[in-house]
Structures are given as structure tokens and as C-alpha cells.
Amino acid sequence: PGKHKPFEDASPDIVEYVRYLEVIAGKSANTAFSYFCDLRGFSRFMKRRRGLVPADSEMQDIDPKGLDTAFWASVTKEDIYEYLYFLNRECGNKKSSTARRLASLHGFYDYLVNQVNRLDSDPTAAIKPPKQDKVLPKYLTAAESIDLLKNIQSDFYERDFCMITLFLNCGMRLTELVTINMGDFKQDTIRITGKGNKERLVYLNDACLEALDHYKKARAALPNLPADERALFVSKRTGKRLTARRVEQIVARCLQSAGLSGRGFSPHKLRHTAATLMYQGGVDMLALKEILGHESVSTTQIYTHINQERLRAAVKAS
């Protein structure tokens with residue numbers, strides 16, 4: 001997202017809305033960027049639909065700028081439905097992706113109608129997202145998690161072992177891990193900045209504390225570590241904060257060395273693993289909600305699929 005600021009390659013209303021999301025609504029840079037991309041895509045679709053560009057124009061070649069408030073006022077419910085149909089049929093979007101793009105439109109029109117009073121009506125108001133398929137989270141078993149930790153092959157073992165340990169024990173998101181600073185620790189807790197810049201405290205078990213202790217010593221010994229570097233997880237080569245993409249690559253390599261690649265696992269699946277193992281271990285749903293930083297317990301309830309597995313095991317054992 002930082003590479004694309006100040007988000008000016010869109011209509012003025014969209015640019016102002018994205019700034020509102022970051023500054024007033026307190027949304028993360030990633031969320032604001034996602035909404036920006038979604039609305040820019042809708043702008044291109046509407047330009048082609050209204051004949052403002054040749055009908056055979058490729059979507060990525062259409063300039064998303066040049067649409068004013070009067071244009072957004074002219075958008076109808078039928079336009080929105082056609083856009084959702086386009087996403088599904090022509091773009092092959094999954095239901096979850098279509099729902100997110102509709103949420104971007106909901107937010108944009110709510111802003112124009114209720115926040116800045118530029119429009120009188122919202123064409124998205126009565127449109128509901130497509131019903132989502134129930135997909136159970138992918139996760140590692142306890143045995144596979146141990147195998148992963150035992151088979152880490154890395155040129156900076158202490159760092160990578162510590163990152164995997166935190167993923168598996170704390171259930172943090174990828175963006176939360178890469179934004180951890182050295183000053184975020186206090187005794188056996190860590191302060192994590194989650195979605196919407198909301199902070200929460202997560203308690204660290206002995207495995208995390210031991211891994212952190214070993215890593216901090218190795219980090220301090222790096223020859224090129226800048227004196228003012230605040231980031232916890234840094235590059236061995238540059239001494240600067242790791243990017244989210246680099247952490248994804250490290251996790252993929254660790255999974256491969258443990259023989260667990262090719263199954264769709266990722267840092268987010270390690271978050272699912274932590275949540276699942278906690279639930280298996282008896283952590284109640286409300287506590288798990290706080291640990292994971294979920295807005296609602298309904299989001300956390302996906303992990304009750306463990307009950308089904310227990311029932312299945314009980315039936316097989318009877």
C-alpha cells in the first residue's frame with residue numbers, strides 16, 4: 001500500500017474516501033488500499049458500461065479517473081447487480097471476493113450519503129452479499145506443528161524458529177507479526193496492533209519466551225543492525241524490518257523442509273492452527289476471541305468444528 005500512496009489515480013470522491021478510512025475511520029493501510037483497488041475497478045466497469053470508453057476496452061487499460069459526484073449519484077441498483085454478475089461470470093471471483101467488493105461499495109456510498117452528505121440515496125443499501133460457502137479452516141495437527149519446528153532449515157535459525165513459534169502459539173496475523181517492535185514486550189506479554197490499529201495484549205508461554213530470548217541474542221549480534229532499528233524481526237543481510245512477503249517466503253521454506261508444502265498452508269493457516277490447538281486444549285470461545293483479536297465471537301465460532309471431529313472420533317471408538 002505504501003508504494004501507491006497518495007491514492008490519486010481515481011476520482012476525487014474515492015481519493016477523499018480512502019483518506020477518510022485511514023485518518024478518521026482508523027482503518028489499516030492494507031484495508032484502505034483494498035477498498036481503493038475495489039472502487040477503482042468499479043470505476044473502470046462503470047465507464048465501459050456507460051459507453052465512456054470503447055466497448056472492447058480491456059479493463060486494466062481504462063483510466064479510472066474523471067468521474068464526479070453526479071456520476072456516482074447516477075449509479076443504480078441494476079448497475080450494482082450487473083457489476084456483481086460481471087465479477088462472478090467474467091472475472092471468476094469467489095463469493096468471498098465478490099462480497100468484499102460489495103462491502104467496498106457499501107462503505108463508499110455510506111460515506112457519500114451519511115458522512116459528507118453529497119448524495120441523497122444509496123443504490124447499494126438493499127443489496128446483500130452472496131451467501132458464503134462454509135469452509136472449515138485448514139490447520140496443522142499438534143504432531144505436524146512439532147515436525148515443523150523440528151525441521152526448520154534456515155540461514156538465520158533463531159529468527160525463523162521464533163517466528164514460527166509465535167505463529168503457532170499466539171495465533172497472530174502476518175501483518176501483526178511484522179509490525180512488532182522491540183518495545184512491545186513487557187515481562188510475559190506482547191502488545192499487538194491488529195486490524196483497525198486496535199491494540200491487544202497477548203500472554204506468552206514458556207516456549208515463546210525461550211524462543212524470543214535466543215533470537216534477541218542472535219539479533220543483537222548482527223554486524224549491520226542499525227542502532228535505531230525498532231523492528232523485532234529483521235533481515236540478516238540488511239538489519240532492517242522484514243516485509244510480509246519475506247515472512248511468507250520463510251514460512252513456505254520451513255513448511256517445505258518439514259514435508260508439509262503443497263497443502264495450501266501459509267502464515268494465516270498457522271494462525272488457524274494456533275486457534276484450533278488452543279480450542280482443543282480447552283480455551284473457551286470468549287478467551288479465544290480476545291487472543292485472536294476478533295471483532296465478534298461469531299467469527300471465532302468457526303473453530304467449533306473441533307467438536308465435530310471429537311464426535312466422529314468418539315463414534316469410531318465406540
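- Remark: Lys65 does not engage Asp9 in a salt bridge, criterion side-chain N to carboxylate O under 4.0 Å.
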Under the criterion side chain to side chain contact (heavy atoms under 4.5 Å, CB included), I'd like the reasoning laid out for Val247 against Phe167: C-alpha separation, chi angles, the key distance, then a yes or no.
CA-CA 11 Å; Val247 175; Phe167 275 134; 4.0 Å; yes
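- Under the 4.5 Å side-chain contact rule for hydrophobic residues, Leu105 and Val116 share a cluster.
- A continuous path of ILVMFWY side-chain contacts below 4.5 Å connects Tyr81 to Leu102, so both sit in one hydrophobic cluster.
- Residue Ile192 is not grouped with residue Tyr203 when hydrophobic side chains (ILVMFWY) are merged at heavy-atom distances under 4.5 angstrom, including chains of intermediate members.
- For Glu22 against Ala32, the heavy-atom pair with the smallest separation is CG-CB, 3.5 Å.
- Using a 4.5 Å cut-off on side-chain heavy atoms (C-beta onward), Trp72 and Ser11 make contact.
- The existence of a salt bridge linking Arg118 and Glu16 is confirmed by a sub-4.0 Å separation between a basic side-chain nitrogen and an acidic carboxylate oxygen.
- For the residue pair Ser74 / Arg50, a side-chain donor-acceptor distance below 3.5 Å is found, with atom types taken as modelled.
- The two atoms that bring Leu148 and Ala258 nearest to each other are CA-CB, 3.8 Å, heavy atoms only.
- Side-chain contact check for Met163 versus Leu242: some heavy-atom pair is nearer than 4.5 Å.
- Using a 4.5 Å cut-off on side-chain heavy atoms (C-beta onward), Leu87 and Ser97 make no contact.
- A salt bridge does not link Glu176 to Arg191: none of the charged side-chain nitrogens sits closer than 4.0 Å to a carboxylate oxygen.
- Just one of Val75, Leu52, Ile14 meets the side chain to side chain contact (heavy atoms under 4.5 Å, CB included) condition when paired with Leu67; it is Leu52.
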Does Arg253 form a side chain to side chain donor-acceptor pair (under 3.5 Å) with Gln256? I'd like the steps, not just the answer.
CA-CA 5 Å; Arg253 185 183 62 209; Gln256 184 176 26; over 6 Å; no
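- Leu204 and Met182 fall within the same hydrophobic cluster, where Ile, Leu, Val, Met, Phe, Trp and Tyr residues are linked whenever their side-chain heavy atoms come under 4.5 Å apart, directly or through other members.
- Residue Ile62 comes nearest to Arg44 through the heavy atom pair O-NE, 2.8 Å, listed as atom of the first residue, atom of the second, then distance.
- Ile127 is connected to Val113 through a chain of hydrophobic side-chain contacts under 4.5 Å among Ile, Leu, Val, Met, Phe, Trp and Tyr, so both are in one cluster.
- Using a cut-off of 4.0 Å between Lys/Arg side-chain N and Asp/Glu carboxylate O, Lys236 and Asp155 are scored as not salt-bridged.
- At a threshold of 4.5 Å between non-hydrogen side-chain atoms, the residues Ser145 and Thr273 count as touching.
- Checking Phe156, Tyr157, Phe161 one by one against Tyr215, the ring-ring contact (aromatic ring centres under 6.0 Å, His included) holds for a single residue, Phe156.
- Atom CD1 of Ile250 and atom OG of Ser154 lie 6.5 Å apart (nearest 0.5 Å).
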Do Ser104 and Ser34 pass the side chain to side chain contact (heavy atoms under 4.5 Å, CB included) test, and can you show the C-alpha distance, the side-chain angles, and the key distance before you say yes or no?
CA-CA 8 Å; Ser104 298; Ser34 294; over 6 Å; no
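- Inter-residue side-chain proximity for Ile180 and Phe185 is flagged as met; some heavy-atom pair is nearer than 4.5 Å.
- Within 6.0 Å of CG in Asp120 there are 12 or fewer heavy atoms belonging to other residues, nucleotides or ligands.
- Separation of atoms CG (Asn169) and CG (Asn205) is listed at 4.5 Å; rounding is to 0.5 Å.
- Inter-residue side-chain proximity for Thr31 and Leu21 is flagged as unmet; no heavy-atom pair is nearer than 4.5 Å.
- Residue Val234 comes nearest to Arg159 through the heavy atom pair O-NH1, 3.1 Å, listed as atom of the first residue, atom of the second, then distance.
- Taking OG from Ser57 and CG from Asp63, the interatomic distance works out to 11.5 Å, rounded to the nearest 0.5 Å.
- Here the options are Arg245, Glu248, Arg271, the test is side chain to side chain contact (heavy atoms under 4.5 Å, CB included), and the partner is Leu174; only Glu248 passes.
- Using cut-offs of 30° and 60° for the angle between ring planes, the Tyr17 and Tyr35 rings count as tilted.
- Interatomic distance, Phe108 CZ to Gln115 CD, rounded to the nearest 0.5 Å: 13.0 Å.
- By the neighbour-count criterion of 12 heavy atoms within 6.0 Å, atom NZ of Lys47 is densely surrounded, having more than that number from other residues, nucleotides or ligands.
- Expressed to the nearest 0.5 Å, how far CG of Asp160 lies from CZ of Phe233 amounts to 9.0 Å.
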Quick one, Leu255 with Val251, criterion side chain to side chain contact (heavy atoms under 4.5 Å, CB included). Give me CA distance, side-chain angles, the key distance, then yes/no.
CA-CA 6 Å; Leu255 286 165; Val251 170; 3.8 Å; yes
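- Between the side chains of Asn114 and Asp110, at least one donor-acceptor pair of N or O atoms lies under 3.5 Å.
- Using a 4.5 Å cut-off on side-chain heavy atoms (C-beta onward), Val202 and Thr189 make no contact.
- A side-chain donor from one of Thr69 and Asp13 sits under 3.5 Å from a side-chain acceptor of the other.
- The closest donor-acceptor contact from the side chain of Ser257 to the backbone of Cys254 lies under 3.5 Å.
- Closest of all the heavy-atom pairs between Asp184 and Thr179 is OD2-O, 4.1 Å.
- Using a 4.5 Å cut-off on side-chain heavy atoms (C-beta onward), Arg49 and Phe86 make no contact.
- When each of Leu222, Asn224, Asp228 is checked for a side chain to side chain contact (heavy atoms under 4.5 Å, CB included) with Pro226, only Asp228 meets the rule.
- Side-chain polar atoms of Asn88 and Asn93 form no donor-acceptor pair below 3.5 angstrom.
- Pairing each heavy atom of Glu229 with each of Arg219, the nearest pair is O-NH2, 3.1 Å.
- Panel note: side chain Thr165, backbone Ala211; no donor-acceptor pair is recorded below 3.5 Å.
- Put simply, CG on Asp61 and CG on Asp56 are 10.5 Å apart, with the number rounded to the nearest 0.5 Å.
- The main-chain N or O of Ala125 is never found under 3.5 Å from a side-chain atom of His106 such that the two would form a donor-acceptor pair.
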